[in-house]
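Everything on this sheet refers to the single structure shown next.
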Amino acid sequence: MQARWSGLGRNVQSNPRSPAPSDALTMGITSLSTSNPSTTSPLTHPVDRFEKEFDGVQDVFELQRNLNNCFAYDLVPSVEVLTAALKAARRVNDFPTAVRVFEGIKAKAETKEQYKQYLEALESLRLELGVPLREELYPEEQ
């Protein structure tokens with residue numbers, strides 16, 4: 001049996017595979033869209049979500065949009081997310097953005113020690129990709 005719901009001036013047919021509205025209230029916070037598991041839901045772990053978004057980056061706009069979203073949180077992004085971001089910057093051949101990733105880490109890190117820990121964790125990738133730090137490019141500004 002397919003129910004018809006009326007809302008906002010239009011009739012909407014329910015999907016027999018999706019839960020009824022009353023069931024959705026008792027299920028707690030879950031994704032109601034079960035028809036397409038490949039879409040990212042807001043409930044997926046942020047690290048997994050951002051890694052997946054950076055892996056799919058095809059141009060500079062997407063890279064910078066994802067970085068803006070990533071750095072919008074109060075926390076410094078994880079090393080895994082930053083690794084994916086740096087690889088995406090290399091894939092779309094965007095050198096300035098790769099350098100700016102490290103500037104973003106420096107701005108977001110609460111202490112100099114935390115910043116140094118991120119640099120140590122990303123050192124091998126940074127050298128592999130040939131991404132210098134701003135401090136290396138402009139030593140007179142320190």
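Every value quoted in this text rests on a predicted model; they were computed, and no experiment measured them.
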*asked:* Please say yes or no: joined through hydrophobic side-chain contacts below 4.5 Å, possibly via intermediate residues, are L86 and L137 part of one cluster?
replied: yes
*Backbone of L75 reached by a side-chain donor or acceptor of K108 within 3.5 Å*: no
_Measuring only between side-chain heavy atoms, which start at C-beta, is F50 closer than 4.5 Å to P77?_
no
Could you tabulate the donor-acceptor pairs under 3.5 Å formed by side-chain atoms of residues 91-102, not counting sequence neighbours?
unit_1	atom_1	unit_2	atom_2	d
R91	NH2	F54	O	2.6
R91	NH2	D55	O	3.4
N93	OD1	R90	NH1	3.1
D94	OD1	T97	OG1	3.4
D94	OD2	T97	OG1	2.3
T97	OG1	Q64	NE2	3.1
R100	NH1	E103	OE1	3.3

_Minimum heavy-atom separation for L63 and A85, please, with both atom names._
CD1-O, 3.8 Å
_Run the salt bridge (Lys or Arg N to Asp or Glu O under 4.0 Å) test on R126 and E136 for me, step by step, so that the C-alpha distance in whole Å, both residues' side-chain angles and the decisive distance to 0.1 Å come before the verdict._
CA-CA 13 Å; R126 188 174 71 81; E136 296 170 354; 3.4 Å; yes
*Is the count of non-hydrogen atoms from other residues, nucleotides or ligands lying under 6.0 Å from E123 atom CD greater than 12?*
yes
*Taking all heavy atoms of R49 and all of Y73, pick out the closest pair and write down the distance.*
NH2-OH, 3.1 Å
*Quick one: side chain to side chain donor-acceptor pair (under 3.5 Å) partners of T83, sequence neighbours excluded?*
none
*Heavy-atom distance under 4.5 Å between the side chains of K112 and K106, does that happen here?*
no
*Separation of R65 CZ from C70 SG (nearest 0.5 Å)*: 13.0 Å
*Just jot down the salt bridge (charged side-chain N to carboxylate O under 4.0 Å, His left out) partners of K87, sequence neighbours excluded, or say none.*
none
_Any donor-acceptor N or O pair under 3.5 Å, side chains S78, E80_ = yes
_Where I105 and Y115 come nearest, the two heavy atoms and their spacing_ = CG2-CD1, 3.9 Å
